Amino acid sequence: MQVDLFTQVIVPVIGGLGIFMLGLEFMSNGIQSLAVNRMRDLLARFAGTPIKGVFAGTLITGIIQSSTAMTVMTVGLVNAGVVGLRPAISVIMGANIGTTLGNGLIALPLGPLGLLLAGLFALVHIFAKTDKVKNIALACMGFALIFYGLNLMTGGLRPLRNMPEVMSAISSLRADSFAGLIGCVTTAALITALIHSSSATIGIVMGLGSAGVLDWQTAVAFSLGADLGTTITSWMASLNLSRNAKRAAYAHISFNIIGVMVTIPLFFISMEVLRWVMQWFGGDPGVPVMMNGRESFPLVPVAVGIYSTFFNIFNTLLLFPFIGVFERVLSRVGRDASEDIEDYSTPKHLTSEARSDLGKAVGAVEREIERHVQAGALFLASARGVPTAPKDLDEHRMAIDILSRDIRAYAASLLTPDLPPARADLVASLVEEADFAASLGETLHQVARRIAREEFSPEARQVVDAVLDQIGDAMRVVLPAAAGQAAVPQGDTAWRNGLTDLRTRCLGLAGAVRPGERGAILALLGSAERAGMMIARLDDERRSVPRLARRTVADERSRDLPLPDATPAPAE
């Protein structure tokens, strides 16, 4: 029988593939618009241990239906310091399991109903009045288009079986030997890396298998390669991110590579097991079924879905005990001296146990604010080029911003309705002090960033160093080691005169330095003045009436006595 290549093959295959991938996009976008922010918060909250990370990754990926999006989200959270490297590795393991739910759904024989359901949900999407209904309809429409696109591809690929030249080319890709298996896995990995979607690759493979173009064993081998190729997206997402974010992407890559390397020697044994398992899902996937007068293989997608699920669960069970090894090895990748500094993104003292005792909770918040101020002072060290100071200013800024949010949230949680007014005033002082510390950290980040962006001549650098000295001297009164020193008030004459002298020195460099350098120094002086104002406000808050009460808190805490009711000191 003569095959019209254009109308019978090219149109339905390309059209079906486009509709299939559009359905994936619609479904993912709809679900993520509904739940991605909530899922991100849940991930940050629950991915504290490896076991929780696996469950969180599986659940969230099963909901948002995109292991790629989940992995990229995880890499982003690692970059922000919200999730550590160890739990991130376990989350990625869970994401690989969660994505198999989508592969199982794709295998359902709902193709003929796909267009009808897509049309109905499209009408709902168009006429819906609220974003929530629109997003639900978009997700359902995408779900329906996946089946319709897969049905079109299957129909378009079926005539290829009647074309000897096509079957001769495809016959070279057969997983009937180890060499053929490796060829199939490599081909599928390259295709997945190009289109950035393992689900799309598996959808194409299911279509080829259903049409009988690929035998069922080869289709299963292609699904193995799709799991390998999907790692390229997380690697690309991490290119311009922090070292830990890159390490999370490397974990994804190494995890899947090891899994494939272990599975390949067991492939032919697992095929016999899969053939035995398939008797509970309809029978032998290699036996054709007559549908509408045509020979078809409807059980091939089921076999592919089952194997993909089995592979990812087996891979997770195999490598989960070695998460610590992964972390230790990956932690050495790209490591330098700057990573030996303290991780300021994670609170040390803000525990749930301390929250039950107001005296301990107040002390915990005090110590975390001190850590925050110390972290801000490291921007000055970075500006001076100290080897052990943070190299990535933005990464360090994100770390202390996370710490600042945790401090404020913890302190605010202490403001219970039954709290006496004096104690409530004390906690309010903590919240305000944390805010001043955050503003000071932002200003010091700006100082370091201005210096990093400009190349200064030796003459200009002398003035820059003098500015840093001025800020460093002022910082001494708010650093933990200098408690009790005299403050530098906001309007202190010596402080103002020091900045004025530096401004005069800068203007006197006319002709000796470039205009851009002088402009950068003048802007730097503005940041220095703001830093002085924040230091003075922070110190004033510590010396306010509630702050006096906090000294009593520190004394009582050291003797492990109950926190007394704080009363304002009389005005002098």
Side-chain angles (χ1 to χ4, degrees), residues 40-41 43-48 74 76-88 241-245 248 338-355 360-383 386 388-415 427-449 471 475 478-483 530-531 534-535 537-539 541-542 550:
R40 186 182 291 112
D41 293 340
L43 178 60
R45 185 184 309 170
F46 294 121
T74 304
L77 288 174
V78 172
N79 183 64
V82 177
V83 176
L85 181 59
R86 178 182 288 236
L241 300 182
S242 67
R243 282 184 290 264
N244 261 357
S338 66
E339 288 195 68
D340 294 329
I341 66 171
E342 185 175 350
D343 179 11
Y344 287 97
S345 66
T346 304
K348 283 186 174 180
H349 310 290
L350 305 181
T351 63
S352 56
E353 293 80 9
R355 187 184 279 115
K360 293 181 179 178
V362 166
V365 175
E366 286 180 353
R367 290 191 289 275
E368 289 296 350
I369 294 176
E370 289 172 353
R371 287 185 68 230
H372 191 286
V373 175
Q374 286 177 317
L378 289 177
F379 285 121
L380 300 180
S382 296
V386 176
T388 56
K391 295 291 188 295
D392 191 326
L393 298 177
D394 291 332
E395 182 179 342
H396 186 60
R397 173 183 172 273
M398 280 191 287
I400 65 174
D401 182 59
I402 294 166
L403 178 62
S404 176
R405 292 200 302 267
D406 287 339
I407 292 171
R408 284 198 298 268
Y410 190 93
S413 71
L414 303 178
L415 290 168
V427 175
S429 175
L430 288 172
V431 176
E432 291 180 44
E433 183 185 341
D435 186 59
F436 292 146
S439 298
L440 175 60
E442 288 287 338
T443 304
L444 296 176
H445 169 256
Q446 188 179 60
V447 168
R449 188 176 59 179
I471 300 173
M475 284 288 294
V478 292
L479 289 171
R530 284 191 293 276
M534 288 298 104
I535 291 168
R537 295 187 72 177
L538 179 59
D539 188 68
E541 185 60 41
R542 289 181 173 182
R550 287 175 63 189

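This structure is a prediction, so every number in the text was calculated from the model and none was measured. Residues: numbered from 1 along the sequence shown.
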Does D401 have any side chain to side chain donor-acceptor pair (under 3.5 Å) partners at least two apart in sequence or in another chain, and if so, which? R405
Inter-residue atom distance I407.CD1 - I402.CD1, 0.5 Å rounding: 12.0 Å
Residue list, salt bridge (Lys or Arg N to Asp or Glu O under 4.0 Å) with R408, at least two apart or on another chain: none
Distance check, rounded to the nearest 0.5 Å: E433 atom CD versus R537 atom CZ? 13.0 Å
To the closest 0.5 Å, what do you measure between CD1 (I535) and CG (D539)? 9.5 Å
Exam field: side chain S382 to backbone A389, donor-acceptor pair closer than 3.5 Å: no
Are R367 and E370 within salt-bridge range, i.e. N to O under 4.0 Å? no
Taken in chain and number order and not counting sequence neighbours, the residues that satisfy ring-ring contact (aromatic ring centres under 6.0 Å, His included) with H349 are none
Give the minimum heavy-atom separation between A437 and I369, together with the two atoms involved. CB-CG2, 4.2 Å
First locate atom CG of L393, then atom CG of L378, and finally report the distance between them rounded to the nearest 0.5 Å. 11.0 Å
Could you tell me which non-hydrogen atom of L350 sits nearest to which non-hydrogen atom of D406, and how far apart they are? CD1-O, 3.8 Å
Sub-3.5 Å donor-acceptor pair from the side chain of H445 to the main-chain atoms of F379, do we have one? no
Residues at least two apart in sequence or cross-chain that pass side chain to side chain contact (heavy atoms under 4.5 Å, CB included) with R530, listed by chain then number, are T443, Q446, R450, S527
How far does CG of L430 sit from CD of E432, to the nearest 0.5 angstrom? 10.0 Å
Closest contact, heavy atoms only, G376 versus L444: O-CD1, 3.3 Å
Closest non-hydrogen atom pair between G441 and I400, with its separation: CA-CD1, 4.4 Å
Distance check, rounded to the nearest 0.5 Å: M475 atom CE versus Q374 atom CD? 9.5 Å
Those residues that, when tested against E442, pass salt bridge (Lys or Arg N to Asp or Glu O under 4.0 Å) (two or more places apart): R397
Sequence neighbours excluded, which residues qualify as side chain to side chain contact (heavy atoms under 4.5 Å, CB included) partners of V427? L358, L414, L415, L419
